[in-house]
2 protein chains.
Amino acid sequence: MKKNEDRRIRKTKKAMSDALASLLLKKPLNNISVREIAELADINRGTFYLHYRDVYDMVEQLQNEIFEKFNEIIDNYEPKSETDSLFPLIVEVFNLLADNSELAKVLISKNGDAIFLDKLKNLLRDKCLVNVKKLLKIKNEDEFQYYYDYIIAGCTGLFGSWLAGGMKETPVEMAGYTEEFIMKGADIFK
Amino acid sequence: MKKNEDRRIRKTKKAMSDALASLLLKKPLNNISVREIAELADINRGTFYLHYRDVYDMVEQLQNEIFEKFNEIIDNYEPKSETDSLFPLIVEVFNLLADNSELAKVLISKNGDAIFLDKLKNLLRDKCLVNVKKLLKIKNEDEFQYYYDYIIAGCTGLFGSWLAGGMKETPVEMAGYTEEFIMKGADIFK
DNA sequence: TCATGCGGGTTTTATAATCAACAAATAAGA
DNA sequence: TCTTATTTGTTGATTATAAAACCCGCATGA
């Protein structure tokens, strides 16, 4: 949560983001107008332009913000010991999704933004690989590459169905499932 | 909905009102601080004082606003014919409650403000008596007085349980029930 | 006893958001 | 095609809210 931002900015951006998300549920981005967003967000149309150049700029900025937060979470995670689990990290990821659920739902779920999803996967792949490999004590590197792709796709899929299903489970519960899935499957490498 | 008010004012007041309502669920008015309201509403504390003198003033103003809207609804209702039902009027009343549900819930329900409830009953009594009497074609005036008190208490009770139950039914459905109850019981006067 | 803390009000300065109006661009229909 | 709406950016003046710092009164506890 950005504490350094003016309350007013935080609220207007939230309102606009929610409005955009709810519009994206009904129609594709290319026929969503600034006017609609402003109206639904219950803000003056001019206010939109104080923050974004147009609708595409808005989506791009919002996506970048999410990516930045992902990065931040992952970068700030350092396991205490060699055998430390990924659990705390995964919990934070689910919390992040929860904080941005309206938008994340439409970006990740079906009819979502394929590019966004791909960037997300790449991010997870690049950033988490080291930790997972260390944790699992990998011997067979080649086969593991595939398993790692499998993990990444599985996780993002899990994100999507959790969000689409209305987030019935808590982030902690979901993190538990996720870690379990990852570790169980990794038994083949032992 | 007050269209003449600045968006910002509308939103701030809504936030403060919701905050107050949610605090009233947990504790009595006399130990709810301005600080708490501002914090929960996510507004600057100083902003509170731009609108209200203190917490009591706030409650009073909010109650008055609700009463004014009640009055407005009732005053603007004129039956087309002698036999016209109260249905449209009742629907509007339930809509009004829905629009102010957070606050109305705590004011009307148990642990609510007894004075508020009493004022509400008196308002309904005074304003609706004419219409109901006309509609029911009353002969026995004396006994009807009691029946009318009975109706009023019944209606406000219905308001309370609908709000407390989370407003599962639509205003139109509730208005249907309400009118049915009133008319059925009134058969004894025919 | 004094200190420390907390809530109540108030003030000042800075800035975000409002509203209303506008001309240019774009879409839509006859 | 020409005409008519609709959306788009942008502007200027105004207002509401934010933030941070006050002082005050009161309580609580060392």
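Keep in mind it's a predicted model, so treat the numbers as computed, not measured. Because only heavy atoms are used, hydrogens play no part in the values below, and waters and symmetry mates are left out as well, while side chains stay in. Every chain is numbered from 1, with letters handed out A, B, ... down the list of sequences.
Taking only distance into account, the side chain of A:R45 meets the base of D:dG9 through a donor-acceptor pair shorter than 3.5 Å. A:R8 contributes no side-chain N or O that forms a donor-acceptor pair with the base of D:dA18 under 3.5 Å. A donor and an acceptor atom never sit less than 3.5 Å apart when one is taken from the side chain of B:D6 and the other from the base of D:dA16.
In terms of the side chain to side chain donor-acceptor pair (under 3.5 Å) criterion, B:K121 has no residue partners (sequence neighbours excluded). For A:K26, there are no side chain to side chain contact (heavy atoms under 4.5 Å, CB included) partners at least two apart in sequence or on another chain. Every residue two or more places apart in sequence or in another chain was checked for a side chain to side chain donor-acceptor pair (under 3.5 Å) with B:D54, and none qualifies. Under the side chain to side chain donor-acceptor pair (under 3.5 Å) criterion, A:E179 pairs with A:S85, not counting sequence neighbours. Applying the side chain to side chain contact (heavy atoms under 4.5 Å, CB included) criterion to A:A15, with sequence neighbours excluded, gives A:A41. Remark: A:D18 engages A:K14, A:E102 in a side chain to side chain contact (heavy atoms under 4.5 Å, CB included) (not counting sequence neighbours). The side chain to side chain donor-acceptor pair (under 3.5 Å) test applied to B:D75 returns B:K127, not counting sequence neighbours.
What separates CD of A:E39 from P of D:dT8 is a distance of 11 Å, to the nearest Å. Atom CZ in A:R10 sits roughly 13 Å away from atom C1' in D:dA19 (whole-Å rounding). What separates CG of A:N44 from P of D:dT10 is a distance of 15 Å, to the nearest Å. In this structure, B:I9 places its CD1 atom 15 Å from C1' of C:dA16, rounding to the nearest Å. Separating the CD atom of B:E5 from the C1' atom of C:dA17 is a distance of 15 Å, rounded to the nearest angstrom.
More than 12 heavy atoms of other residues, nucleotides or ligands sit less than 6.0 Å from atom CZ of A:F87.
Taking only side-chain nitrogens and oxygens, B:K11 comes nearer than 4.0 Å to OP1 or OP2 of C:dT18. Residue B:R7 has a polar side-chain atom (N or O) positioned under 4.0 Å from OP1 or OP2 of C:dC19.
Comment: B:E39 does not engage B:R35 in a salt bridge, judged by the lack of any side-chain N to carboxylate O separation of less than 4.0 angstrom.
Not less than 6.0 angstrom separates the ring centroid of A:F70 from the ring centroid of A:F67.
Comparing the local axis fitted to the first five base pairs of the helix from C:dT1-D:dA30 to C:dA30-D:dT1 with the one fitted to its last five gives a bend of 40°, rounded to 10°.
In this structure a side-chain-to-backbone donor-acceptor pair under 3.5 Å is present from B:T12 to B:R8. A distance-only check finds no donor-acceptor pair linking the side chain of A:R125 to the backbone of A:I152 [under 3.5 Å].
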Less than 3.5 Å apart, which donor and acceptor atoms pair up between the side chains of residues 88-99 of chain B and the rest of the protein, not counting sequence neighbours?
from  : atom 1 : to    : atom 2 : distance (Å)
B:N95 : ND2    : B:V91 : O      : 3.4

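Under the 4.5 Å side-chain criterion, counting only non-hydrogen atoms from C-beta, A:N64 is in contact with A:K119.
Of all the residues in residues 30-38 of chain A, A:S33, A:V34, A:R35 reach under 4.0 Å from DNA chain D with at least one non-hydrogen atom. Sorted by residue number, the members of residues 12-21 of chain A with any non-hydrogen atom under 4.0 Å from DNA chain C read A:T12. Listed in residue order, the members of residues 46-64 of chain B having a heavy atom less than 4.0 Å from DNA chain C are B:Y49.
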